[in-house]
Number of protein chains: 2
Amino acid sequence: MSAANRKVTIVEVAAAAGVSFGTVSRVINGDAHVRPETRQRVLEAMRALHFTANRQARRLAGGRSNSVGVLVPDLGTGYIGEIVRGIDAELSLSGYDLILYTTHRAPAKEAEYVANLVQDMVDGLLLVLPRNPTDYLSTLAQRGFPFVLIDHQGTGADCAAVAAANWQGAYNAADALIRMGHRRIGFITGALDLGAAVDRLDGFQTALRAHHIPDEAELIYQGTFHQTDGYTAACHFLDLPQPPTLIFASNDVMAMAAMDAVRERGLRVPEDISVMGFDDIPQAALVRPALTTVRQPLEQMGRMAVQMLMEIFGDPAVSPRRIELPTELILRDSTAPPKAQPS
Amino acid sequence: MSAANRKVTIVEVAAAAGVSFGTVSRVINGDAHVRPETRQRVLEAMRALHFTANRQARRLAGGRSNSVGVLVPDLGTGYIGEIVRGIDAELSLSGYDLILYTTHRAPAKEAEYVANLVQDMVDGLLLVLPRNPTDYLSTLAQRGFPFVLIDHQGTGADCAAVAAANWQGAYNAADALIRMGHRRIGFITGALDLGAAVDRLDGFQTALRAHHIPDEAELIYQGTFHQTDGYTAACHFLDLPQPPTLIFASNDVMAMAAMDAVRERGLRVPEDISVMGFDDIPQAALVRPALTTVRQPLEQMGRMAVQMLMEIFGDPAVSPRRIELPTELILRDSTAPPKAQPS
DNA sequence: CGCGTTCATGTAAACGTTTACATAACTATA
DNA sequence: TATAGTTATGTAAACGTTTACATGAACGCG
């Protein structure tokens, strides 16, 4: 109501409530040693003065800042965006603030810098899709700083992590499409320095083997998860003497680009060739034909990561778990049984 | 190299460099009063010790935290994401960190709380699409706290702001499509408590008038920018005795939903009915048929806002400007001249 | 009824900086 | 060569909290 011109501090609240600032601090931090009636008085004073604790000072003095840092590689693909949505939603439930860092600019060295920097700002860290995190992960772990990895198939080191069942998703999808009749499948990999990409490729190849389909080199195109790869990969496949009947891209973005390439050749999806992706980003359902894909529970991964972090906050000694969330094949309109089946 | 276990402070750097901590502080802040050779020694010590200044302490002591807060309503639509991308890119150029707050949870009152909270955390604020900002805007302005509004057609109060030429965009688009032959156009509005939505509607209606086309109530559907509105609006229009030949949605998300509705009726876009949107979010180009739309320079709006903020940092007394970035009609495949033209 | 406990509250130091001020070391001037 | 005027550096207080410790009041027990 009244336009307090300066910042309201704990001391002013104390004065208003007729107690010392120490007591106010105790009330804020929920310390048990404060008489209910005193607490009430303090609470009222806080409300009346529109008091909000200064997080800087809090954290500096050794308390919690009630915010967690989120490191993401970028914001471009929609894929990250979904994860962040989940994180944000869950975080706000717990009354934490989100501090977002994009690290697309940060090669090797900057990583440690960022980690360092972030450390005295936030209570914990959420690392989305860390690229080569070995550098600072050890530092973090060793200092006992709370963090959880999202979508990183790590070195197996015992870090708290949440990921999607990439291998399983790729396997199941390939299996289903093979049963549908496809035997020549062009696969576009992701950036193979990412565990997720390797897992998807591996799941795919295992399904092939399970059906006794030979693993032909010309049907594996090495991509990097970027849109352009989808386009060039599709061109490569279509130029083959015997093109595949299905293109399976390691993510949706590449799959969509592949569809464009197919159409540019005057071919139709899925009548002439089927296309599928991985991720189920929002636009996968919007694109025409709607994209068959493997759904990663992106938003839920974010939520889960936050929950794990809160668990760690509660008990720092808790042994780090790695949670793998299930993926699900989403059949839409971009896939169909192959039209001409020689076999 | 060496695994410093504790946080490195200014004092340790001072010891290593053989100077007092005051001098180190001066070096950090680029104070002129320090001998070049001393500065060199301090710099080396900082590097050797992997020193990074503690932002909390810095800000608490009255300095800058080198981070700016960004308030967004949510992260869902892709529309906001683009703006944030621009902000992030430009911010990192200036060496600032981004602190992201999503306010979807924040009705009326929380706004002031958030603003208060944020204030002692960041050096400045970027408010994306503030809903009813009058509450805290005055507080902010009155305290001389630096901030700039993004995509808010305000009360005309003199706040720094960047926006897109919504009126012009809608006018030009409508004008172009009318010249293409459309005379019955169904318009889906956005949430009319948002200035942008009003401007688009107004631009559209003005174009109609300019071409002496009567403004029929049944051809204006009041939406809220959400996907479902697009669907129901399209159904409404198609059920009309004389359906429009073009549906003009106030954003891309509604336009895409409208296309779905059209297709469900067994009609084809654009052969049977044209559809267009507004924003040019990334998926607008991906969707089939690719969506005709009005491009808002989303990313650039973010960049511009940061630049304005930096300007304010540089000289707080600078008089607040309102910048309106031009919009552009992007003709894609979802629009075509109307097929049967009675007139 | 007095003394050791327990519980509520006040106090002081610390967190890592910045900034205003004090001081020491130089210059330049007369 | 003494002296005022700079310029570089050191020092102390402040920022708004938390936390360990000190104090004082109330209470139960023998």
Side-chain angles (χ1 to χ4, degrees), chain A residues 4-43 45-46 49-67 116-123 143, chain B residues 4-43 45-46 49-67 116-123 143:
Chain A
N5 203 20
R6 279 272 118 252
K7 210 163 288 171
V8 183
T9 83
I10 210 182
V11 179
E12 302 173 46
V13 175
V19 298
S20 93
F21 65 88
T23 303
V24 176
S25 176
R26 268 184 286 269
V27 169
I28 296 175
N29 292 53
D31 190 309
H33 288 284
V34 44
R35 207 160 32 142
E37 125 191 359
T38 312
R39 153 169 291 121
Q40 204 48 45
R41 219 151 15 104
V42 172
L43 253 23
M46 294 195 346
L49 268 54
H50 282 82
F51 171 81
T52 32
N54 181 325
R55 283 159 126 105
Q56 329 295 303
R58 250 186 142 173
R59 174 101 189 134
L60 183 57
R64 328 213 109 278
S65 70
N66 271 300
S67 35
N116 243 327
L117 184 72
V118 156
Q119 257 192 78
D120 45 39
M121 197 92 167
V122 299
D123 299 337
R143 296 199 195 180
Chain B
N5 203 20
R6 278 272 117 253
K7 211 164 288 172
V8 183
T9 84
I10 212 181
V11 179
E12 302 174 47
V13 174
V19 297
S20 93
F21 66 87
T23 303
V24 176
S25 176
R26 268 183 288 267
V27 170
I28 296 174
N29 292 51
D31 190 309
H33 289 284
V34 44
R35 207 162 29 143
E37 124 190 0
T38 312
R39 155 170 289 120
Q40 203 48 44
R41 225 159 1 116
V42 171
L43 252 24
M46 297 197 342
L49 270 54
H50 281 80
F51 171 81
T52 31
N54 181 325
R55 282 161 129 107
Q56 329 295 303
R58 247 182 145 175
R59 174 104 187 133
L60 182 57
R64 329 211 109 278
S65 72
N66 272 297
S67 36
N116 244 327
L117 183 72
V118 156
Q119 257 192 79
D120 46 39
M121 197 91 165
V122 298
D123 299 336
R143 295 200 194 179

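So you know, we letter chains A, B, ... as the sequences are listed, proteins then strands, and number each from 1. Every value quoted in this text rests on a predicted model; they were computed, and no experiment measured them.
Remark: A:Thr9 engages no residue in a side-chain hydrogen bond (donor to acceptor under 3.5 Å, both in side chains) (not counting sequence neighbours). Listed by chain and number, the residues in a side-chain hydrogen bond (donor to acceptor under 3.5 Å, both in side chains) with B:Ser65 are B:Ser67, B:Asp123 (sequence neighbours excluded). Residues passing the side-chain contact (heavy atoms from CB on, under 4.5 Å) test with B:Ala57, sequence neighbours excluded: A:Leu60, B:Asn54.
When all heavy atoms of B:Ile28 and B:Phe51 are compared, the closest pair comes out as CD1-CE2, 3.7 Å.
The side chain of A:Thr38 places no N or O atom within less than 4.0 Å of a non-bridging phosphate oxygen (OP1 or OP2) of C:dA8. At the phosphate of D:dA8, OP1 or OP2 sits under 4.0 Å from a side-chain N or O atom of B:His33. Note on A:Thr23: a side-chain N or O is less than 4.0 Å away from OP1 or OP2 of C:dG10.
Sorted by first and then second residue, the salt bridge (Lys or Arg N to Asp or Glu O under 4.0 Å) pairs involving residues 22-35 of chain B (not counting sequence neighbours) are B:Arg35-B:Glu37.
Although no hydrogens or angles enter the test, the distance criterion places no donor-acceptor pair under 3.5 Å between the side chain of B:Arg55 and the main chain of A:Met121. Distance alone, capped at 3.5 Å, places no donor-acceptor pair between the A:Arg39 side chain and the A:Val27 backbone.
Rounded to an integer number of Å, the gap from B:Asp31 CG to D:dG10 P is 13 Å. With rounding to whole Å, B:Glu37 atom CD is found 15 Å from C:dA25 atom P.
You'll find the side chain of B:Asn29 reaches within 4.5 Å of the side chain of B:Arg58, heavy atoms only.
Overall, the helix from C:dC1-D:dG30 to C:dA30-D:dT1 carries an axis bend of 50° between its ends, with five pairs at each end and the value rounded to 10°.
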- What string of B, S and - do you get for nucleotides 14-20 of chain C, 5' to 3', when a contact is any protein heavy atom under 4.0 Å? -BBBBB-
